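Because the structure is a prediction, the values reported are computed rather than measured.
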Amino acid sequence: MATENNNLETASKAQTRKGRVALYILALFVLILAAVFAYNYSFIKGQLGIGTAYGARVACSCHYVGGRDLDDCEKDFEPGMEVIGLSMDDEKRQVTASVPLLASATAEFREGWGCVILTEAEAD
């Protein structure tokens, strides 16, 4: 009887140790991932800024010059731009492309000029 209890306790301790090791490995992986993101943050933010500006300009031209629906305009995006979301303000004739919490750009249709990217001050 005592041997059975010892075997159960040993198995329980071994399973607890395995769980802790798995948790430490997961925490280490998340920490490494966060460090890589932090190290490359300025590069990522720059690339997203370029991507959102491109997306806003293309979608604005597609919708206001080409007369296509905004959902249809997303087909013109380059591969890898799936994270960019689009929103439209028909009253101001503007299209905003954004990646939440990281980057945003707005393009406005101007008669005779086509679609132009707005500065942050103009977009507000």
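Under the ring-ring contact (aromatic ring centres under 6.0 Å, His included) criterion, Phe43 pairs with no residue, sequence neighbours left out. In this view, Glu108 and Arg110 satisfy the salt bridge (Lys or Arg N to Asp or Glu O under 4.0 Å) rule, not counting sequence neighbours. Every side-chain contact (heavy atoms from CB on, under 4.5 Å) that Ser104 has, sequence neighbours left out, goes to Thr96, Ser98. Take Arg68 and apply the salt bridge (Lys or Arg N to Asp or Glu O under 4.0 Å) test, not counting sequence neighbours, and it matches Asp72, Asp76. Evaluation of the side-chain contact (heavy atoms from CB on, under 4.5 Å) rule for Glu111 yields Arg93, Phe109 as partners, not counting sequence neighbours. When the side chain to side chain donor-acceptor pair (under 3.5 Å) test is applied to Asp89, no partner is found at least two apart in sequence or on another chain. Listed by chain and number, the residues in a side-chain contact (heavy atoms from CB on, under 4.5 Å) with Ser42 amount to none (sequence neighbours excluded).
When every heavy atom of Ala107 is checked against every heavy atom of Ile117, the shortest pair comes out as CB-CD1, 4.0 Å. Shown here for Gly49 and Ala103, the closest heavy-atom pair between the two residues is N-CB, 3.9 Å. The two residues Ala97 and Leu86 come nearest to each other via the heavy atoms CB-CD2, 3.7 Å. When all heavy atoms of Cys73 and Ala59 are compared, the closest pair comes out as SG-O, 4.0 Å.
Residue pairs meeting the disulfide bond (SG atoms under 2.5 Å apart) criterion with at least one member in residues 16-49: none, sequence neighbours excluded. Evaluation of the side-chain hydrogen bond (donor to acceptor under 3.5 Å, both in side chains) test over residues 52-65, restricted to residues two or more places apart or in two chains, returns Arg57-Ser61, Tyr64-Asp90. For residues 93-124, the disulfide bond (SG atoms under 2.5 Å apart) pairs, not counting sequence neighbours, are Cys60-Cys115. Every pair tested for disulfide bond (SG atoms under 2.5 Å apart) that includes a residue from residues 23-56 fails, sequence neighbours excluded, so the list is empty.
Transitive grouping of hydrophobic side chains (ILVMFWY, heavy atoms separated by less than 4.5 Å) keeps Val116 and Val95 in distinct clusters. Linking Ile, Leu, Val, Met, Phe, Trp and Tyr residues whenever their side-chain heavy atoms come within less than 4.5 Å leaves Val58 and Leu118 in two separate clusters. Cluster membership for Ile84 and Leu102, using ILVMFWY side-chain heavy atoms within less than 4.5 angstrom, is shared. Note: the hydrophobic cluster containing Ile50 does not contain Phe77 (ILVMFWY, side chain heavy atoms under 4.5 Å, direct or indirect links). Linking Ile, Leu, Val, Met, Phe, Trp and Tyr residues whenever their side-chain heavy atoms come within less than 4.5 Å leaves Phe37 and Leu28 in two separate clusters.
Here the CE atom belonging to Met81 is positioned 10.0 Å from the CG atom belonging to Leu48, to the nearest 0.5 angstrom. Separation of atoms CZ (Phe29) and CG (Leu33) is listed at 5.5 Å; rounding is to 0.5 Å. For the atom pair CE (Met88) and CG (Asp69), the distance works out to 7.0 Å, reported to the nearest 0.5 Å.
Hydrophobic cluster membership of Ile25, counting Ile, Leu, Val, Met, Phe, Trp and Tyr whose side-chain heavy atoms lie under 4.5 Å apart directly or via other members: Val21.
Between the side chain of Glu82 and the backbone N or O of Gly80 there is at least one donor-acceptor pair closer than 3.5 Å.
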